[in-house]
Enquirer: 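Take a look at the following structure, please.
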Amino acid sequence: MLFASTTEDISWYENDGTGIFAPRQFVTMAIFSAKSVYAADIDGDGDMDVLSASSGDNVIAWYENDGTGNFGALQTISTTANSPRSIYAADIYGDGDIDVLSASLYDDRIAWYENASNTLSVDANELNNELLVYPNPATNQITITNLALQKIEIYDLTGRLVKSVSTINNEETIRIDISSLHAASYLIKVITDKAVVTKKLIKT
């Protein structure tokens, strides 16, 4: 659970799976009048990052999750929204990246910000060209092949993990049943013996 203070901090509480929450953990203690927060996988690495809108300094920002629930420094998305009051994330552009939306009070604007970052390294980009995911679009089953595969994770565009499959001996071909997924766009995170590769999947 995320919590935005009206003073100078954003914090979160870990759910143990039964609705009981651990003590408060801070995302940041250096924000000016936070009005809204939202969790989404902004950098496409499978971890839930945090977005914030703060009216005191007109900042739309995000904080990177290192994978263990610890968050990096504020990274500014925009400082032009006049008293932002709401923040949200979705793939507006339809390119597999999570974009950001905001609503601000004094300029009466709803705006969106395209996520133009490329989180893949050069090596991962080369592997991305080698990795095959087919058919795509798909309805019932996909095949992933061409690299030594270790684990495959499928995320919806809010960053929620919806399916995870691990291999036994770094198989180079794996078939995954996706018939239970809703028709939508997804991100496939493929962990190979060399790198992590992300692909977009369209489920019909």
Side-chain angles (χ1 to χ4, degrees), residues 1-2 12 14-19 38-51 62-72 88-101 112 114-204:
M1 182 178 71
L2 280 171
W12 72 286
E14 183 179 0
N15 185 345
D16 70 358
T18 67
Y38 192 80
D41 184 9
I42 299 300
D43 53 3
D45 63 355
D47 303 318
M48 297 299 282
D49 307 304
V50 171
L51 291 158
W62 74 286
Y63 310 82
E64 183 179 358
N65 185 347
D66 69 0
T68 66
N70 295 312
F71 292 85
Y88 191 74
D91 183 11
I92 301 297
Y93 199 65
D95 59 358
D97 297 323
I98 299 298
D99 307 306
V100 175
L101 301 95
W112 75 283
E114 182 183 357
N115 185 347
S117 64
N118 184 355
T119 58
L120 297 178
S121 68
V122 173
D123 289 341
N125 275 314
E126 293 174 355
L127 293 174
N128 198 4
N129 293 328
E130 296 179 27
L131 186 72
L132 298 180
V133 178
Y134 62 90
N136 193 4
T139 302
N140 296 313
Q141 180 178 272
I142 57 172
T143 298
I144 301 176
T145 188
N146 246 30
L147 295 173
L149 307 170
Q150 296 178 347
K151 188 175 183 179
I152 292 89
E153 297 174 338
I154 301 178
Y155 295 85
D156 66 19
L157 295 187
T158 68
R160 182 173 63 94
L161 178 66
V162 296
K163 196 172 188 70
S164 178
V165 178
S166 296
T167 63
I168 299 174
N169 296 310
N170 288 356
E171 291 98 328
E172 291 193 0
T173 299
I174 187 170
R175 293 174 178 84
I176 300 176
D177 181 5
I178 60 168
S179 59
S180 63
L181 300 182
H182 298 296
S185 294
Y186 295 87
L187 294 178
I188 304 176
K189 180 180 178 182
V190 181
I191 301 170
T192 76
D193 61 337
K194 296 179 180 178
V196 176
V197 181
T198 303
K199 292 273 192 178
K200 184 176 181 181
L201 169 67
I202 299 175
K203 165 67 165 67
T204 56

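Because the structure is predicted, anything quoted here is derived from the model rather than measured.
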Enquirer: For Lys151, what residues pass the side-chain hydrogen bond (donor to acceptor under 3.5 Å, both in side chains) criterion, not counting sequence neighbours?
Expert: Glu153

Enquirer: Can you check side-chain contact (heavy atoms from CB on, under 4.5 Å) on Leu181 and Tyr186, steps first, answer last?
Expert: CA-CA 10 Å; Leu181 300 182; Tyr186 295 87; 3.7 Å; yes

Enquirer: Between the main-chain N or O of Pro137 and the side-chain N or O of Lys203, is there a donor-acceptor pair closer than 3.5 Å?
Expert: no

Enquirer: Checking side-chain contact (heavy atoms from CB on, under 4.5 Å) for the pair Ile154/Ile178: CA distance, chi angles, key distance, verdict?
Expert: CA-CA 10 Å; Ile154 301 178; Ile178 60 168; 4.2 Å; yes

Enquirer: Measuring from atom CG of Asn65 to atom CE of Met48, what distance do you get when rounded to the nearest 0.5 angstrom?
Expert: 9.0 Å

Enquirer: Can you sort out the partners of Asn169 under side chain to side chain contact (heavy atoms under 4.5 Å, CB included), two or more places apart, ordered by chain and number?
Expert: none

Enquirer: How far does CD1 of Ile142 sit from OG1 of Thr139, to the nearest 0.5 angstrom?
Expert: 11.5 Å

Enquirer: Applying side chain to side chain contact (heavy atoms under 4.5 Å, CB included), name anything that partners Asn146, two or more places apart in sequence or on another chain.
Expert: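 Partners of Asn146 by the side chain to side chain contact (heavy atoms under 4.5 Å, CB included) criterion, ordered by chain and then number, come out as Leu132.
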
Enquirer: Closest heavy-atom contact between Asp41 and Gly46?
Expert: OD2-N, 2.8 Å

Enquirer: Is there a donor-acceptor pair closer than 3.5 Å between any side-chain N or O of Thr173 and the backbone N or O of Thr145?
Expert: no

Enquirer: Please list, chain by chain and in numerical order, all residues satisfying side chain to side chain contact (heavy atoms under 4.5 Å, CB included) with Ser185, sequence neighbours excluded.
Expert: Leu157, Lys200, Ile202

Enquirer: Before giving the answer on side-chain contact (heavy atoms from CB on, under 4.5 Å), spell out for Asp45 and Glu64 the whole-Å C-alpha distance, their side-chain angles and the decisive distance to 0.1 Å.
Expert: CA-CA 10 Å; Asp45 63 355; Glu64 183 179 358; 4.2 Å; yes

Enquirer: Do the ring planes of Phe71 and Trp12 sit parallel (below 30°), tilted (30 to 60°) or perpendicular (above 60°)?
Expert: perpendicular

Enquirer: Any chance you could measure Tyr38, atom OH, to Leu101, atom CG, to the nearest 0.5 Å?
Expert: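 Taking OH in Tyr38 and CG in Leu101, the distance rounds to 9.5 Å.
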
Enquirer: Sequence neighbours left out, what pairs pass salt bridge (charged side-chain N to carboxylate O under 4.0 Å, His left out) with at least one residue falling in residues 159-176?
Expert: Asp156-Arg160

Enquirer: First locate atom CD1 of Ile176, then atom CD1 of Ile188, and finally report the distance between them rounded to the nearest 0.5 Å.
Expert: 6.5 Å

Enquirer: Which residues pass the ring-ring contact (aromatic ring centres under 6.0 Å, His included) test with Tyr63, not counting sequence neighbours?
Expert: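 Here no residue qualifies.
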
Enquirer: What do the steps show when you test Thr167 against Ile174 for side-chain contact (heavy atoms from CB on, under 4.5 Å), and what is the final call?
Expert: CA-CA 8 Å; Thr167 63; Ile174 187 170; 3.7 Å; yes

Enquirer: Just jot down the side-chain hydrogen bond (donor to acceptor under 3.5 Å, both in side chains) partners of Asn170, sequence neighbours excluded, or say none.
Expert: none

Enquirer: Which residues satisfy the side-chain hydrogen bond (donor to acceptor under 3.5 Å, both in side chains) test with Asn136, sequence neighbours excluded?
Expert: none

Enquirer: List the residues meeting side chain to side chain contact (heavy atoms under 4.5 Å, CB included) with Asp99, not counting sequence neighbours, and say none if there are none.
Expert: Asp91, Ile92, Tyr93, Trp112, Glu114, Asn115

Enquirer: Does Ser166 have any side-chain hydrogen bond (donor to acceptor under 3.5 Å, both in side chains) partners at least two apart in sequence or in another chain, and if so, which?
Expert: none

